[in-house]
Amino acid sequence: MASAVYSPSTMLLLGVNIDHCATVRQARYREAPATVAQAVEPDPVTLAVLCERAGADGITIHLREDRRHIQERDVWRTRETISTRLNLEMACTPWMIDFALKLKPDSVCLVPESREEVTTEGGLNVVGQKEKIRACVDAMTAAGIVTSLFIDPDEAAIEASAAVRAPWVELHTGAYANAYYGSQRAAEFQRLRLGCVHAHDRGLVVNAGHGINYVNISEVRTLPHLHELNIGHSIISRALFTGIEEAVREMRARMNG
Ligand code: PXP
């Protein structure tokens, strides 16, 4: 089923993460009754449509357990409205698995939310939860949904991802992004480079995300075997000044030189 969504391309694809549009809405309307909350700004689903119009290849949303930004109704409306791919970021919990199987996004990306799920670097602890993650991957695959694992660019995490039969990984670029102006930048970039090669060698489709912006993209885009980047904060931030369509067009242009 993974091949229905993955077609190797020389173009680096862009998934826009729209969570932070909902963050702005929730900052004002968290307590609003449902009837009001459906009609207030900024609407993340409208944003998603504008992202698509500007060339986004997919839309990524994270339905967190604490519902701090995206709400369930946002997810359903996004599913019904967008015409590109929907990537649902989620914790590997029974409730979320059930939700995803009903929603049928094109892909899910398993991300850590609780303390035991997170590695020291911030990626998903696949090594310590192989059985649970394998069961989720198998359930998604049976339903025609691609599973991606958000992992640190490390050998153990990549090997464990292949072992649980995940078709995709998303390499966590946060440590690299944080080190960008510091002495560890080259080392973190090399870690990512080796991670991309290793994951590709193990047959995994390689995505990347977290902390990618309009500056570091010029280096990130040179990583080997990259299929898609998931980018949120920098695009939503730039949209305050340029509008979302220009922000998406600009990132896409920088991604592909
Ligand atoms: N990919 C994953 C798995 C994430 O959790 C996030 C953050 O929500 C992103 C990508 C996007 O990160 P950023 O908002 O820093 O671009």
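In listed order, ligands and their atoms are each counted from 1. These numbers come from a predicted model, not from an experiment.
Defined by atom type and a distance below 3.5 Å, a donor-acceptor pair is present between the side-chain atoms of T60 and N87. Side-chain contact check for T84 and E52: at least one donor-acceptor pair (N or O, by modelled atom type) lies under 3.5 Å.
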What's the verdict on salt bridge (Lys or Arg N to Asp or Glu O under 4.0 Å) for D19 and R68, showing C-alpha distance, side-chain angles and the deciding distance? CA-CA 9 Å; D19 295 349; R68 77 166 68 142; over 6 Å; no

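The pair D43-R77 counts as a salt bridge, with a side-chain nitrogen and a carboxylate oxygen less than 4.0 angstrom apart.
Of the candidates L124, L110, V108, L110 is the only one forming a side chain to side chain contact (heavy atoms under 4.5 Å, CB included) with C92. A side chain to side chain contact (heavy atoms under 4.5 Å, CB included) with T78 is found for one member of V49, L86, I70 and no other, namely L86.
Considering backbone and side-chain atoms together, G232 places an N or O closer than 3.5 Å to an N or O of ligand 1. Taking only nitrogen or oxygen atoms, main chain and side chain alike, N230 does not reach within less than 3.5 Å of ligand 1. An N or O contact shorter than 3.5 Å is missing between V111 and ligand 1 by distance.
Near G211, the atoms of ligand 1 lying under 4.0 angstrom from a non-hydrogen atom of the residue are 12 (O), 13 (P), 15 (O), 16 (O). Numbered from 1 in the order shown, with element, the atoms of ligand 1 that lie under 4.0 Å from a heavy atom of I231 read 16 (O). Interface atoms of ligand 1 facing H210, defined by a heavy-atom separation under 4.0 Å, are 6 (C), 7 (C), 10 (C), 12 (O), 15 (O). The ligand atoms of ligand 1 that sit less than 4.0 angstrom from a heavy atom of H233 are 13 (P), 14 (O), 16 (O).
Not a single heavy atom of S234 sits closer than 4.0 Å to an atom of ligand 1. Contact annotation: H62 has no heavy atom less than 4.0 Å from any atom of ligand 1.
Selection from E170, H20, R64 by nearest heavy atom to atom 10 (C) of ligand 1 gives E170.
Between H172 and H210, the ring-plane angle classifies as tilted under the 30° and 60° cut-offs. The aromatic rings of Y180 and Y176 lie perpendicular to each other, with more than 60° between the two planes, well past the 30° mark.
Annotation: atom 4 (C) of ligand 1 to nearest protein heavy atom, E89 OE2, 3.4 Å. Closest protein heavy atom to atom 8 (O) of ligand 1: N17 ND2, 3.5 Å.
A distance-only check finds no donor-acceptor pair linking the side chain of E246 to the backbone of G243 [under 3.5 Å].
The proximity of H172 to ligand 1, defined as any non-hydrogen pair under 4.0 Å, does not occur for either the backbone or the side chain.
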